[in-house]
Amino acid sequence: MKLYHFPSPNPQKVTFALQELGLDCEIVPVDLAKGEQRQPDFLALNPFGRVPVLTDGDLTITESHAILAYLGDKAGRLWPSSAAGRADALKWLFFLSQHITPPAGEIVFNRIAAKLLGIPSDEAAIARGEKALPAVIGIIEGQLAGNKWITGSQFSLVDCAYCPTLNIVEKAGFSFADFPKVAAYLNACRARPAWKETPKLPGL
């Protein structure tokens, strides 16, 4: 297997999972700052020009959550074996993509990425993100009221998806003070040896 990778949150979901699963995978760096994701050879793998991309033989998979599901099925670990369990896991991955990532992205892009790119931040976008995010983080707070991890008592690949997003939005200045269970959950994710081995951007 090969993973085309830059140490931003979506690729981190996959590298975190690979560490947890103990799977061998060649890491192929893609330097987003140099625009390597827009080169023809990369666009042949993913016409959308985004990382991560996983190749396994003749199979090419884009989208971090699809890659997680594939790795879980391939390894037979940290991923539900029943149809109902997989549906529940996918529900929480879709929730992350649809409801958490968009407002989190507005905060992160304008407080972190804009500085790295040397462009002005959009304060209105930050305000939108700060306004929208508490309601959806509150859903996760409620889910964690009766569960140690997102889908239950056992760590899963779903947690590999949530950790990088929650980590970077906290680094961008969003406070989890009103969400103590989410804060404790994030710290538990970051305490795992596999997360410590996951490549990260400086300071993140």
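Computed from a prediction, not measured in an experiment: that's the story for all the values here. In what follows, residues are counted from 1 in the order of the sequence shown.
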Parallel, tilted or perpendicular, judged at 30° and 60°: which one describes the rings of H99 and F95?
tilted
Calculate, to the nearest 0.5 Å, the distance between atoms CD and NZ belonging to E141 and K181 respectively.
5.5 Å
May I ask you to decide if W195's main-chain N or O and K200's side chain share a donor-acceptor pair within less than 3.5 Å?
yes
Test your reading of the model: is there a side-chain donor-acceptor pair from N147 to the backbone of L144, 3.5 Å cut-off?
no
Would you check if M1 and T55 make a side-chain contact, meaning some heavy-atom pair closer than 4.5 Å?
no
State, to 0.1 Å, how close P7 and L201 come at their nearest heavy-atom pair, and which atoms those are.
O-CG, 3.2 Å
From CG (L21) to CG (L78), nearest 0.5 Å:
5.0 Å
To the nearest 0.5 Å, tell me how far L3 CG sits from I67 CD1.
6.5 Å
Return the set of residues passing salt bridge (charged side-chain N to carboxylate O under 4.0 Å, His left out) with K91 (not counting sequence neighbours), or none when no residue passes.
D88
Do L43 and I61 land in one hydrophobic cluster if side-chain heavy atoms of ILVMFWY residues count as linked below 4.5 Å?
no
Quick one: salt bridge (charged side-chain N to carboxylate O under 4.0 Å, His left out) partners of E36, sequence neighbours excluded?
none
Quick one: does Q143's side chain have a donor or acceptor within less than 3.5 Å of a partner on I150's backbone?
yes
Minimum heavy-atom distance T60-L45, with the two atoms named:
CG2-O, 3.7 Å
Checking Y4 against N46: is there a side-chain donor and acceptor pair closer than 3.5 Å?
no
Counting only heavy atoms from other residues, nucleotides and ligands, does the tally under 6.0 Å from CG of D24 exceed 12?
no
Can you tell me how far the CG atom of L133 sits from the CG atom of L166, to the nearest 0.5 Å?
8.5 Å
When you measure from the side chain of Q12 to the backbone of P199, do you find a donor-acceptor pair of N or O atoms at a distance under 3.5 Å?
yes
CD of Q154: more than 12 outside heavy atoms within 6.0 angstrom?
no
May I ask you to decide if the ring planes of F179 and F174 are parallel, tilted or perpendicular, using 30° and 60° as cut-offs?
parallel
Do any pairs count as a ring-ring contact (aromatic ring centres under 6.0 Å, His included) and have a residue in residues 43-76, sequence neighbours left out, and if so which ones?
none
Less than 4.5 Å apart, any side-chain heavy atom of P52 and any of N10?
yes
Check I27, V28, V30, L18 against H5 for a side-chain contact (heavy atoms from CB on, under 4.5 Å) and give me the one that passes.
I27
Looking at every non-hydrogen atom in both residues, tell me the closest pair between S82 and G85 and how far apart they are.
OG-N, 2.9 Å
Are any of the side-chain nitrogens in R190 or E170 under 4.0 Å away from the carboxylate oxygens of its partner?
yes
When you compare the side chain of Y162 with that of I140, does any pair of heavy atoms fall below 4.5 Å?
yes
With clusters defined by side-chain heavy atoms of hydrophobic residues (ILVMFWY) lying less than 4.5 Å apart, directly or transitively, does V108 cluster with I126?
no
Side chains of E106 and D122, heavy atoms from C-beta outward: is any pair under 4.5 Å?
no
So, do K13 and C163 sit near enough that their side-chain heavy atoms are less than 4.5 Å apart?
no
Are W149 and V158 close enough that some pair of their side-chain heavy atoms sits under 4.5 Å apart?
no
Expected output: side-chain E20 to main-chain A194 donor-acceptor under 3.5 Å:
no
Is the shortest side-chain N to carboxylate O distance from E123 to R128 below 4.0 Å?
no
Atom of I168, atom of P9 and distance for their closest heavy-atom approach
CD1-CG, 3.6 Å
Between CZ on residue F155 and SG on residue C189, distance to nearest 0.5 Å:
5.5 Å
Quick one: does C25's side chain get under 4.5 Å of L54's, heavy atoms only?
yes
Could you tell me which non-hydrogen atom of L93 sits nearest to which non-hydrogen atom of A161, and how far apart they are?
CD2-CB, 3.5 Å
How far does CG of L96 sit from OG1 of T101, to the nearest 0.5 angstrom?
4.0 Å
If we ignore hydrogens and angles and just use 3.5 Å, is the side chain of T62 paired with the main-chain N or O of V53 as donor and acceptor?
no
D56 and K74 ion-paired at < 4.0 Å:
yes
Is E63 atom CD crowded by more than 12 heavy atoms from other residues, nucleotides or ligands, each under 6.0 Å away?
no
Locate the shortest heavy-atom distance separating P103 from A132; write the atom from each residue and the value.
CB-CB, 3.9 Å
Look at the side-chain heavy atoms of Ile, Leu, Val, Met, Phe, Trp and Tyr, link any pair under 4.5 Å apart, and say whether I112 and F6 land in one connected group.
yes
Is the shortest side-chain heavy-atom distance between D159 and F16 below 4.5 Å?
no
